[in-house]
Engineer: 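Got a structure for you, questions after.
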There are 2 protein chains.
Amino acid sequence: MSIKGLFPIDKWDFKSESVLADLPAEDFDLLTAHQTEQVYKKGEIIFREGAYPAGIFYIKAGKVKKYKLDKEGKEHIIYVANKEELLGYHAILSEDRYPDSAASIEESRIAFIPKEDFLAVLNQSPVLNRRLLKTLSHEFAVLANSLSMFAQKNVRERLALQLIVLREKYKVNFKPGMPVEINMSRDDLANLVGTGRENVVRVLTEFKESGILKTQGRKIIINDVNQLIIIADYK
Amino acid sequence: MSIKGLFPIDKWDFKSESVLADLPAEDFDLLTAHQTEQVYKKGEIIFREGAYPAGIFYIKAGKVKKYKLDKEGKEHIIYVANKEELLGYHAILSEDRYPDSAASIEESRIAFIPKEDFLAVLNQSPVLNRRLLKTLSHEFAVLANSLSMFAQKNVRERLALQLIVLREKYKVNFKPGMPVEINMSRDDLANLVGTGRENVVRVLTEFKESGILKTQGRKIIINDVNQLIIIADYK
DNA sequence: TTTAAAAATTGATATATCGCACATTTTGCA
DNA sequence: TGCAAAATGTGCGATATATCAATTTTTAAA
């Protein structure tokens, strides 16, 4: 039985809404009453898997990778979070430790909100409750997608898909109509796709030869997203 | 940098708490006021990915697989849900369609709760809100684990891990101390591990020869869980 | 601008696992 | 209980990907 065409890849929802949007002013003020802001340099760690959470983070500017380390210390990137996204709330809600680590992949400005404030607002705000439930269940769907993609697609197809997703995330840095530059190390890209650096380079070269994209040093500029969609969705 | 030993696999939390436990009687009664019960035969589909949700499901007895289909119709099992677990609430909370499909893997007795009742209780019950947030964020952690496991472990290691997890789920069917029988088709097992049936059979044979387990027809009886833990955690 | 260190790229080889074809066993139904 | 269909198990060639080593390019600091 085939469900071909039921969920074409170009209809997927890559964008994540801000959890804090539409929050009543009263709740928002209470939530941000004791926030402190910090600039994280590229590569700086925000929190570590296994640590107990002291609060949540709100990305005001920049990009953050959420990742897990295997026993040899090789990292696998689970998600790239963009500005205006909330970070580190899973650990508090699950009453457990951080399930993953977070580090900035470019210089980022991030606000810290103490656990007490977050829980206080959570206890009084139906809107925040509803919004978090929506966000979490949406995240579940995205993660489930990634998981089955991993089981069913090869490196070439996975890289194509990640490039499409990353293009959306880097779009916000550029004017509409301008070509979008993905500025990410091959190592991070490899850890996101779940393969080695060398394999990413090889597939990237292949894409370059097909005219799908071009590279300028570390930067990747996508010329033909449709071609990527076809590749990612092929199997 | 190594985090060796930080999260030994035998300390992982495989069990999922019932979302409905500790729910105030009032909320529970309202939630179950219009529930209807149905017996699903082995293999019967409960809901399909992409459909709009009409309500949620509560597994009273049996086991259910949550899965996604690729374009050729090959399924990838994301999760095996046990009795006393809630099903299908992601779609309602995310205000979207089902992100995956669900089907029984053994004869199951399942209650259906209409969407309206679920949302009504959600609007009035802080306990249910809190519990759902906890469950969803826990699910996220479990899924993130699966994802990074996929990226970093081979078929042998993944199968070992899934056998450990399944053993926990099948435990409830047997008396303490009695050997636990995992009764699952090789196809389902392969779709859970993310490989082909043949590869599962090959690794299973290998495990059998090492005295880790034995098989009786379709049934798998684990003799040496510790050995499995070592294998799953090896890399 | 120069230069050293870091990152990216290319090549070659080893290895896991995929997927087909076929044999065997088990299961459930008449 | 017997039988057909379904599920399981086995062998093997093809292939994608991992891994190691060496080279080139880029980056960022002096």
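Computed from a prediction, not measured in an experiment: that's the story for all the values here. Chain A is the first sequence line, chain B the second, and so forth, proteins listed ahead of strands; every chain is numbered from 1.
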Engineer: So if I take every side-chain heavy atom of Val201(B) and compare against dC12(D), dC20(D), dT8(D), which nucleotide ends up nearest?
Structural biologist: dT8(D)
Engineer: Can we say Lys68(B) and Glu75(B) salt-bridge, meaning some charged N sits less than 4.0 Å from an Asp/Glu carboxylate O?
Structural biologist: no
Engineer: Think Thr205(B) has a side-chain N or O under 4.0 angstrom from the OP1 or OP2 of dT10(D)?
Structural biologist: yes
Engineer: Whole-Å distance between dA6(C) P and Asp188(A) CG?
Structural biologist: 17 Å
Engineer: Counting only heavy atoms not in Tyr52(A), do more than 12 fall under 6.0 Å of its OH?
Structural biologist: no
Engineer: Of the options dT17(D), dG9(D), dG11(D), whose atoms approach the side-chain atoms of Asn154(A) most closely?
Structural biologist: dT17(D)
Engineer: Could you check how far CZ of Arg202(A) sits from P of dA16(D), rounded to whole Å?
Structural biologist: 13 Å
Engineer: Among dA18(D), dG9(D), dA21(D), which nucleotide has an atom closest to any side-chain atom of Lys208(B)?
Structural biologist: dG9(D)
Engineer: Strictly distance-based, threshold 3.5 Å: is any side-chain N or O of Arg186(A) a donor or acceptor partner for the main-chain N or O of Arg218(A)?
Structural biologist: yes
Engineer: Hey, are Asp70(A) and Lys153(B) close enough for a salt bridge, meaning a charged N less than 4.0 Å from a carboxylate O?
Structural biologist: no
Engineer: Given dA18(D), is OP1 or OP2 found less than 4.0 Å from the side-chain N or O atoms of Asn199(A)?
Structural biologist: yes
Engineer: Please tell me which of the listed nucleotides, dA18(D), dT10(C), dT8(D), lies nearest to the side chain of Thr195(A)?
Structural biologist: dA18(D)
Engineer: Whole angstroms only, please: what is the CG-P distance between Asp187(A) and dT19(D)?
Structural biologist: 14 Å
Engineer: Can you figure out which of dA8(C), dA16(C), dG9(D) approaches the side chain of Arg186(A) most closely?
Structural biologist: dA8(C)
Engineer: Between Arg218(A) and dA8(C), does any side-chain N or O lie under 4.0 Å from OP1 or OP2?
Structural biologist: yes
